[in-house]
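Note that this is a predicted model, so its numbers are computed, not measured. Residue numbering restarts at 1 for every chain, and letters A, B, ... go by the order of the sequence lines. Hydrogens, waters and symmetry mates play no part in the numbers below; they use all other heavy atoms, side chains included.
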Amino acid sequence: MISTELIISFVSLFVLFIILGFWAKNWRKGDLNNVSEWALAGRKLGTTVIFFLIGADLYSAYTFVAIPSGVFVKGSLYFFAIPYVIITFGIATVTMPKFWTISREKGYVTASDFVKDRFGSRTLSILVAITGIVAVLPYIALQIVGMQSVLTVMLAGTSNAQMVSEIALIVSFVVLAAFTFTSGLRGATLTGIFKDILIWITVIAIIVVVPLSVGGFGVAFSNLNSNYVTLPDTLIPGYTTLAFGSAIALYLYPHAINGVLSSESAHKLRKSTALLPLYGIGLAILAMMGILVYSVPSAMELLSGFPEGSRGILVVPSLILSTMPGWFAGVALLGIFIGGLVPAAIMAIAQANLLTRNIIKEIRPSLSPYSEIRVTKWASTIFKFVALAFVFSVPASYSISLQLLGGIIIVQILPAVLFGMYVKWLHKVSLILGLVAGCVSGILIVEFVNNFGSPTNSLLGTPVGPIYVALIALAINLTIVFVGSTIAKKQNKTKEK
Amino acid sequence: MTLSLMVPLYNDSTEFYGIPYFYWFQIVLLASSTGFYLAYSFIIDKPQVK
């Protein structure tokens with residue numbers, strides 16, 4: 001049973017979170033009936049705020065739940081998240097300031113805006129928007145699974161635990177929807193900073209308390225199989241391709257683009273992006289909790305009360321509950337809880353932008369700015385509840401699996417968005433065909449790998465070892481794009497002659 | 001960035017404070033990458049700042 005101190009600290013900090021979310025509309029005041037103000041906080045966030053916003057945006061339940069869960073179940077393979085962080089922010093430090101500069105000049109709010117203008121293709125722009133919306137939906141669902149994991153551990157042993165957990169999630173989402181509706185990205189930014197402070201306090205406490213309580217890292221590692229100590233040689237191709245494939249995908253997600261475009265300048269964006277690998281240290285510490293937990297008998301006992309398949313996602317909350325004093329466990333668990341809530345808000349804002357600007361407005365170009373912002377705000381609300389309904393209707397393991405599919409799908413817009421900034425001769429028809437072929441082949445290969453069942457594995461066995469399916473599908477996509485664009489270029493030259 | 005993908009270089013169990021080389025090497029690399037990226041951002045932005 002959870003202690004009263006835990007409940008008091010959890011609930012009082014959650015009330016503070018709500019107040020901050022609603023108050024945010026007064027922060028750096030702007031006309032919140034303007035899309036740029038509501039969805040991008042007026043594009044005037046500085047280095048420190050952008051650091052926290054993108055940090056809050058990208059270090060989500062994936063960090064607190066999915067990665068420690070993967071390390072707990074499969075060992076060192078899931079430490080791929082570290083090279084993934086190193087590579088993704090390296091690429092972003094170089095490319096995203098350029099994307100920001102282009103977008104600022106032309107007034108783009110989404111990647112689809114850029115694609116439409118750059119290639120003059122409505123079809124490609126709409127496809128990029130649909131890809132973004134579809135890929136983010138399971139990502140929001142994963143955030144909810146993270147929140148659910150906190151409630152599951154907190155409510156363990158109480159009567160009607162599932163019902164209480166579902167009510168708590170619904171109430172949280174109603175609150176989130178309400179302050180996102182009124183405060184837009186400002187609400188997500190301020191609550192994101194609040195969340196980051198709680199998470200950093202938690203990470204520092206965990207890295208001090210847990211290793212000490214088990215007698216050091218050496219004791220924890222000595223009790224485990226070798227696949228937890230080093231990476232089996234057969235998994236090296238899987239490790240490197242998972243890291244690289246995930247890294248090139250991260251900044252293609254609409255919520256990442258949203259964070260980028262809310263920066264005040266390219267210079268400030270570059271500096272804050274360069275600093276973002278620092279968050280990875282927190283990620284590494286949390287990932288290692290998937291190993292340390294095996295040496296904490298009280299946490300293992302708590303975990304043994306849950307079905308084997310769901311123990312992984314409960315690793316971090318269980319460790320917190322078993323090793324920290326009640327009041328601090330409340331602080332730490334709230335950090336993880338809102339660590340899912342804040343990214344979900346930013347993701348839903350980004351999805352709504354894509355739906356309104358790049359799909360609805362294409363069908364109804366006469367949409368007034370007033371109608372545009374109203375539709376965007378409501379769409380953002382609806383997307384949150386669609387994800388919530390999804391989590392309530394399918395098992396948690398499905399949400400994590402579908403998030404893997406999301407990564408495979410989103411990377412297919414790389415040729416249009418990232419190469420589109422640097423390569424001048426790419427042809428729109430080739431990009432469309434490449435995007436469709438990449439998405440379809442990616443989904444089919446994942447289904448094949450999982451024998452057309454639940455997608456729990458995203459590595460395809462090849463003669464050189466397992467390879468992340470996203471990269472195979474992207475290779476198909478890129479082949480079509482470059483071969484098609486070369487043919488189109490030659491045809492144009494012939495016509496000119 | 002390239003170094004982080006050269007797994008055989010650091011796929012070793014030698015321990016430092018009980019943490020295998022595989023883990024602590026990558027954490028050190030992560031921290032130092034921040035320094036490299038920050039240096040890059042200052043070099044790139046220098047002319048613009050002037």
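With sequence neighbours left out, A/Val209 forms a side-chain contact (heavy atoms from CB on, under 4.5 Å) with A/Thr323, A/Met324. Remark: A/Ala287 pairs with A/Ile67, A/Val71, A/Phe79 by the side-chain contact (heavy atoms from CB on, under 4.5 Å) rule, at least two apart or across chains. Remark: A/Thr202 pairs with A/Ile206, A/Ile320, A/Ala332 by the side-chain contact (heavy atoms from CB on, under 4.5 Å) rule, at least two apart or across chains.
Of residues 459-474 of chain A, not one residue has a non-hydrogen atom less than 4.5 Å from any non-hydrogen atom of chain B.
Enclosure of atom OH in B/Tyr17 is not indicated, since only 12 or fewer non-hydrogen atoms of other residues, nucleotides or ligands lie within 6.0 angstrom. Atom CZ of B/Phe36 is surrounded by 12 or fewer heavy atoms from other residues, nucleotides or ligands within 6.0 Å.
Remark: A/Thr273 OG1 to B/Tyr40 OH distance equals 11.0 Å, nearest 0.5 Å. Separating the CG atom in B/Leu38 from the CG atom in A/Leu276 is a distance of 11.0 Å, to the nearest 0.5 Å. The line from CG of B/Leu30 to CD1 of A/Ile82 is 5.5 Å long, rounded to the nearest 0.5 Å. Interatomic distance, A/Ser265 OG to B/Asp45 CG, rounded to the nearest 0.5 Å: 8.0 Å. Summarising the geometry, atom OG belonging to A/Ser222 is positioned 7.5 Å from atom CD belonging to B/Glu15; distances are rounded to the nearest 0.5 Å. In this structure, the separation between OG1 on A/Thr240 and CE on B/Met6 is 11.5 Å, given to the nearest 0.5 Å.
Contact check for B/Pro8 versus A/Ile236: side-chain heavy atoms found under the 4.5 Å cut-off. At least one side-chain heavy atom of B/Leu5 sits less than 4.5 Å from a side-chain heavy atom of A/Phe244.
Most heavy-atom pairs under 4.5 Å with chain A, from the set B/Ile27, B/Ile19, B/Leu3: that is B/Ile19. Taking chain B as the reference chain and counting heavy-atom pairs below 4.5 Å, the highest number among A/Ile285, A/Leu283, A/Thr241, A/Val94 is found for A/Val94. Looking only at heavy-atom pairs under 4.5 Å with chain B, the residue among A/Leu231, A/Leu275, A/Val219, A/Val85 that has the most is A/Leu231.
Checked against the 6.0 Å centroid criterion, the rings of A/Tyr239 and B/Phe22 qualify as a close aromatic pair. Between B/Tyr23 and A/Phe221, the distance from one ring center to the other falls under 6.0 angstrom.
Here the closest heavy-atom approach between residue A/Pro277 and residue B/Thr34 is recorded as CB-OG1, 3.4 Å. Nearest heavy-atom pair across A/Gly90 and B/Tyr37 is CA-CZ, 3.3 Å.
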